[in-house]
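Written out below as structure tokens is the structure these notes cover.
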Amino acid sequence: MPPGRSRFDFLGMARNPLIEGKDLAVYTRAHEIQEIFSNEPSQRFTFEIVAGVGRYAIACLISQSPPFTIPAARFIVKQALGSEGTTEALQTEIKYLELLKGSPHIQQILGVEYPNPLGPFKVLTLFTDYAENGTIWHFIQRAQEKGERLPQRLLWRLFWCSLAWPNGEPKEVVRFGVEKSKLVHHGLNIDNVVIGVGDGAEHYLTPILKAVDLGLADDADPEYGPADKQNIFYIGAIMYALITLSSEQPISTLYFNINYFGQNVRVESHAAALVGPKYHWMDDDLRGAVAWCITRDDSERPTIENLARLVQHHAQHKTADVYANTADAAIETDEAIVAYARRLMVPQPEA
């Protein structure tokens, strides 16, 4: 498993909460959570599955019938695994989820139960919303199985969505000319970004992306560069995965010439694999924008403002007409993109 990858599995996990091959802490936590909700006097709760096991916590999916005590019909219950540092990581996640509450591109906190020896929750417990559509990695697996790459206009839209910069406001936008948050996720990858649904406005063509698992988040260490340039590398790696439909890390480097509104920017990037016949369908603007994010030297990466200007411009101006006389004309229409997203990104349950 590549460095930094968690073991989240929102869709494919067996419904037995005691997952084979895991250590005793996982078994114990899963059983304790199951017991809490099975023994709840109203009998309104159902333990569905162990939704995921990460480096510091276990997440279980619970459903409830009305009247709701947690503001969701289905929600995630998360507890630390108990080994050194895991409770601190869960505390960190709670801190940042509280700070970013209301940010549409961040998993939403629904509640916290603090340890109470006389109550059902003996350890720190976090409640969050649940993403019915799974993670980007699960989407990639569905696309692999169908053999369907993403249309370029969909890639541009997802790229734009991934640049939402949490700033405590209801609508996350990159605010130009103001100081940015110093928050670095430190675990932003295809397992820790989940797929929501469109909102009919910004996401009328594509579903929304939401970051989860903030237990490793922290303010940027200046030794590793500004926060935006660290997060931008993670974003670029996610875009690389969406293009390649693979979990392989971008490693090999090559020099790229980036066209930034007529200005040539030359960088050495880990996007070498995107050059060649396999990705002949990509336009140079998209290839260059992704390459700019995953440069070998962090000082060569764009600022969040420059990247947002570039991606927003192309997301808005790469209309279906741009591809009308290309081999991709049929898959780049609004109707085709919406159909693709519904089929593979937000699949409907089988009847």
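All values below were derived from every heavy atom in this structure, side-chain atoms included, with hydrogens, water molecules and symmetry-related copies excluded.
How far CD1 of Ile33 is from OG1 of Thr125: 6.5 Å, rounded to the nearest 0.5 Å. Note that OG1 of Thr253 is 10.5 Å distant from CD1 of Ile294, once rounded to the nearest 0.5 Å. Note that the NE2 atom of His317 and the CD atom of Gln312 stand 9.5 Å from one another [nearest 0.5 Å]. From Thr28, atom OG1 reaches atom CD of Gln79 across 11.0 Å, with rounding to the nearest 0.5 Å. Here CG of Leu154 is found 7.0 Å from OH of Tyr340. Values are rounded to the nearest 0.5 Å. Distance check: Leu81 CG to Ile58 CD1 gives 6.5 Å after rounding to the nearest 0.5 Å.
Under a hydrophobic-cluster definition in which Ile, Leu, Val, Met, Phe, Trp and Tyr are linked whenever side-chain heavy atoms come within less than 4.5 Å, directly or via other members, Leu90 and Val123 are assigned to different clusters. Note on Phe233 and Leu216: separate hydrophobic clusters, where clusters join Ile, Leu, Val, Met, Phe, Trp and Tyr whose side-chain heavy atoms are under 4.5 Å apart, directly or indirectly. Leu155 and Ile331 are assigned to two separate hydrophobic clusters, defined by single-linkage of ILVMFWY side chains at heavy-atom distances under 4.5 Å. Transitive grouping of hydrophobic side chains (ILVMFWY, heavy atoms separated by less than 4.5 Å) brings Val26 and Ile62 into a common cluster. Hydrophobic clustering of Ile, Leu, Val, Met, Phe, Trp and Tyr side chains at less than 4.5 Å, counting indirect connections, unites Val322 with Phe159.
No donor-acceptor pair under 3.5 Å is formed between the side chain of Asp298 and the backbone N or O of Lys229. Checked by atom type and distance alone, the side chain of Arg301 pairs as donor or acceptor with a backbone atom of Thr295 at under 3.5 Å. His186 places no side-chain N or O within 3.5 Å of a backbone atom of Gly215 that could act as its donor or acceptor partner. A donor-acceptor pair under 3.5 Å links the side-chain atoms of Lys210 to the main chain of Pro104, judged by distance alone. Using a distance-only test at 3.5 Å, with no hydrogens or angles considered, no donor-acceptor pair links the side chain of Glu332 to the main chain of Pro151. At distances below 3.5 Å, not a single donor-acceptor pair connects side-chain atoms of Glu40 with backbone N or O atoms of Phe45. In this structure, the side chain of Asn192 does not engage the main chain of Asp213 through any donor-acceptor pair within 3.5 Å. Judged by distance alone, the side chain of Gln64 and the main-chain N or O of Ala72 form a donor-acceptor pair under 3.5 Å. The main-chain N or O of Leu274 is found under 3.5 Å from a side-chain atom of Arg287 such that the two form a donor-acceptor pair. A donor-acceptor pair is defined here as one N or O able to donate and one able to accept, closer than 3.5 Å; no such pair exists between the side chain of Asp129 and the backbone of Leu110.
Aromatic ring centroids of Phe75 and Phe68 lie 6.0 Å or more apart.
Residues Gln144 and Leu245 share a closest heavy-atom pair of NE2-O, 2.5 Å. Residues His185 and Leu214 approach most closely at NE2-CD1, 3.9 Å, considering heavy atoms. Contact record, Ala341 with Pro207: CB-CD, 3.9 Å, taken as the closest heavy-atom pair. The nearest pair of heavy atoms linking Arg44 to Pro67 is NH1-O, 2.6 Å. Between Trp292 and Ile258, the shortest heavy-atom contact is CE3-CG2, 3.8 Å. Thr86 and Tyr56 get closest at one heavy-atom pair: CB-O, 3.3 Å.
A donor atom on one side chain and an acceptor atom on the other are found under 3.5 Å apart for Ser299 and Asp297. Side-chain contact of His138 with Thr135: a donor-acceptor pair under 3.5 Å is present, judged by distance alone.
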Verify side-chain contact (heavy atoms from CB on, under 4.5 Å) between Gln34 and Cys60, making sure each step is shown before the conclusion. CA-CA 9 Å; Gln34 184 182 40; Cys60 298; over 6 Å; no

ring-ring contact (aromatic ring centres under 6.0 Å, His included) for His313 and Phe261? Distances and angles first, verdict last. CA-CA 10 Å; His313 171 81; Phe261 298 108; 5.3 Å; yes

After noting the C-alpha distance and the side-chain angles of Arg74 and Glu132, does the key distance pass the side-chain contact (heavy atoms from CB on, under 4.5 Å) rule? CA-CA 9 Å; Arg74 304 174 86 196; Glu132 302 280 348; 2.5 Å; yes

Hey, mind stepping through Asn133 and Phe139 against side-chain contact (heavy atoms from CB on, under 4.5 Å) and telling me if it holds? CA-CA 8 Å; Asn133 300 309; Phe139 156 64; over 6 Å; no

Check the pair Arg142 / Glu145 against salt bridge (Lys or Arg N to Asp or Glu O under 4.0 Å), numbers first and verdict last. CA-CA 5 Å; Arg142 293 193 291 271; Glu145 183 180 344; over 6 Å; no

What verdict does the side-chain contact (heavy atoms from CB on, under 4.5 Å) test give for Val184 and Tyr234, after you've listed the backbone C-alpha separation in whole Å, the side-chain angles of each residue and the deciding distance to 0.1 Å? CA-CA 10 Å; Val184 179; Tyr234 295 133; 4.1 Å; yes

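The shortest distance between side-chain heavy atoms of Leu183 and Leu100 falls below 4.5 Å. With a 4.5 Å cut-off on side-chain heavy atoms, Phe47 and Ile36 do not count as touching. At least one side-chain heavy atom of Asp283 sits less than 4.5 Å from a side-chain heavy atom of Tyr323. Contact annotation: the side chain of Leu126 never approaches that of Val77 to less than 4.5 Å [non-hydrogen atoms, C-beta and beyond]. Contact of the Tyr240 side chain with the Ser269 side chain is not registered, since no non-hydrogen atoms from C-beta on lie closer than 4.5 Å. The shortest side-chain heavy-atom distance between Glu113 and Phe127 falls under the 4.5 Å cut-off. Using a 4.5 Å heavy-atom threshold, the side chains of Ser247 and Ile140 count as separate. When side chains are defined from C-beta on, Trp156 does not count as touching Leu205, because their heavy atoms never get closer than 4.5 Å.
Lys146 NZ: 12 or fewer foreign heavy atoms inside a 6.0 Å radius. Around CD of Gln43, the count of heavy atoms belonging to other residues, nucleotides or ligands within 6.0 Å exceeds 12. The local environment of CG in Asn325 is sparse, with at most 12 non-hydrogen atoms from other residues, nucleotides or ligands closer than 6.0 Å. Residue Arg296 qualifies as open at atom CZ: its count of foreign heavy atoms under 6.0 Å is 12 or below.
Using a 4.0 Å cut-off between charged nitrogen and carboxylate oxygen, Lys78 and Glu93 count as a salt-bridge pair.
Looking at Lys318, Arg149, Arg153 one by one, the single match for salt bridge (charged side-chain N to carboxylate O under 4.0 Å, His left out) with Asp328 turns out to be Arg149.
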